[in-house]
Amino acid sequence: MSGHSKWATTKNKKAAIDAKRGKMFAKLIKNIEIAARMGGGDPDGNPTLYDAIVKAKKSSMPADNINRAVKRGSGEEAGAASYETIVYEGYAPAGVGLIIECLTDNRNRAAADVRSTLTKSNGSLATTGSVSFNFERKGQIVVPSEGVDFDKLFEVAAEAGADDVKDEGEVYTVITGPSDMVTVREALQKSGIDYDSADLVMEPKSEIDLSADDARKVVKLIDNLDDLDDVQNVYSNWTTSDEVMAQLDTEE
């Protein structure tokens, strides 16, 4: 699991109890609306919507907010925005590659905000393909480790077609092929294993090992990008030692 993935897991836990909750809820609502628009408002027949709702519930979003987002997305209720997906590629300090996924109703605003945020932190936009060649789409299921036997999880996930299962301390991360994620997630549920989130992510093929100083700069830039209203996800290919990661965690 890349350094950024570890950091994102830590930050998402904190986001549920700090001032960033509002921004996190806005991103989750977008996910629900888009999923409902693309596949209908019934989560039992729309796995993407099902996972978006579970993630929102795990983040303590009120049920009323979730229900309204589903209705807006499915057209049952008015008020849904017309979002489009835009993907930017860029570089952070130390040559770290970035994949920046936006969901926006204003393409010009999204582009300007992303470019400005990169520039202010000594980053830059990159040409299409110059960063993404080093990433591949994967399914990622995050399972809280408390009360879950790793060997059982590994066995169930592997039999269902998972690529790997990683022990990250407070969570286990199940990695799958994009088309296998729902099958593996359903197998975990049938075995009584709960999960926090199931998402399609961009996994780096190779990573850059950063010093504490460079990691600090990269984390600040990624956090600033994450704070932009139009940005849904930021993926990167940095990693660092456990000691530096622990140090960054205490500084946050």
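Since the model is a prediction, treat every value here as computed from it, not as a measurement.
Under the 3.5 Å distance criterion, the side-chain polar atoms of Glu89 are matched with a main-chain donor or acceptor of Ser130. Panel note: side chain Ser191, backbone Ile193; no donor-acceptor pair is recorded below 3.5 Å. Formation of a donor-acceptor pair under 3.5 Å by the Gln232 side chain with backbone atoms of Lys27 is found in this model. Asn46 places a side-chain N or O within donor-acceptor distance of the main-chain N or O of Gly40, the cut-off being under 3.5 Å.
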Task: Worked check of ring-ring contact (aromatic ring centres under 6.0 Å, His included) between Phe150 and Tyr172 - done: CA-CA 8 Å; Phe150 179 83; Tyr172 300 133; 5.2 Å; yes
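Screening Thr176, Asp199, Asp164, Asp163 against Lys138 for a side-chain hydrogen bond (donor to acceptor under 3.5 Å, both in side chains) leaves a single residue, Asp163.
Side chains of Asp227 and Lys23 form a contact here, defined as non-hydrogen atoms less than 4.5 Å apart. In this structure, Thr85 and Tyr83 have side chains that are not in contact, with every pair of non-hydrogen atoms separated by 4.5 Å or more. In this structure, the side chains of Leu28 and Ser59 come closer than 4.5 Å at one or more pairs of heavy atoms. Lys30 places a side-chain heavy atom less than 4.5 Å from the side chain of Asp230. Residues Thr239 and Leu210 are not in side-chain contact: their nearest non-hydrogen atoms beyond the backbone lie 4.5 Å or more apart. The shortest side-chain heavy-atom distance between Leu221 and Pro93 falls under the 4.5 Å cut-off.
Taking 4.0 Å as the cut-off between side-chain N and carboxylate O, Lys166 and Glu203 count as a salt-bridged pair. Between Lys55 and Asp196, no side-chain nitrogen of the basic residue sits less than 4.0 Å from a carboxylate oxygen of the acidic one, so the salt-bridge criterion is not met. Salt-bridge annotation for Lys205 and Glu136: absent, with no side-chain N of the basic residue lying under 4.0 Å from a carboxylate O of the acidic one.
Here the closest heavy-atom approach between residue Ala56 and residue Ile32 is recorded as CB-CD1, 3.9 Å. The shortest heavy-atom contact between Ala187 and Val156 is O-CG1, 3.7 Å. Across all their heavy atoms, Ile222 and Ser236 have their closest contact at CD1-OG, 3.5 Å. Contact record, Pro47 with Val182: CB-CG2, 3.7 Å, taken as the closest heavy-atom pair.
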Donor-acceptor pairs under 3.5 angstrom involving side-chain atoms of residues 115-124: please list them, not counting sequence neighbours.
from, atom 1, to, atom 2, distance (Å)
Thr117, OG1, Asp113, O, 2.8
Thr119, OG1, Arg115, O, 2.9

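Rounding to the nearest 0.5 Å places CD1 of Ile175 at 9.0 Å from CD1 of Ile141.
Here side-chain hydrogen bond (donor to acceptor under 3.5 Å, both in side chains) pairs that include residues 69-82, with residues two or more places apart or in two chains, are Glu33-Arg72.
Partners of Val54 according to the side chain to side chain contact (heavy atoms under 4.5 Å, CB included) rule, which considers only residues two or more places apart in sequence or in another chain, are Tyr50, Lys58, Tyr195.
Side-chain contact of Ser197 with Asp51: a donor-acceptor pair under 3.5 Å is absent, judged by distance alone. In this model, no donor atom of one side chain and acceptor atom of the other lie less than 3.5 Å apart for Glu170 and Ser145.
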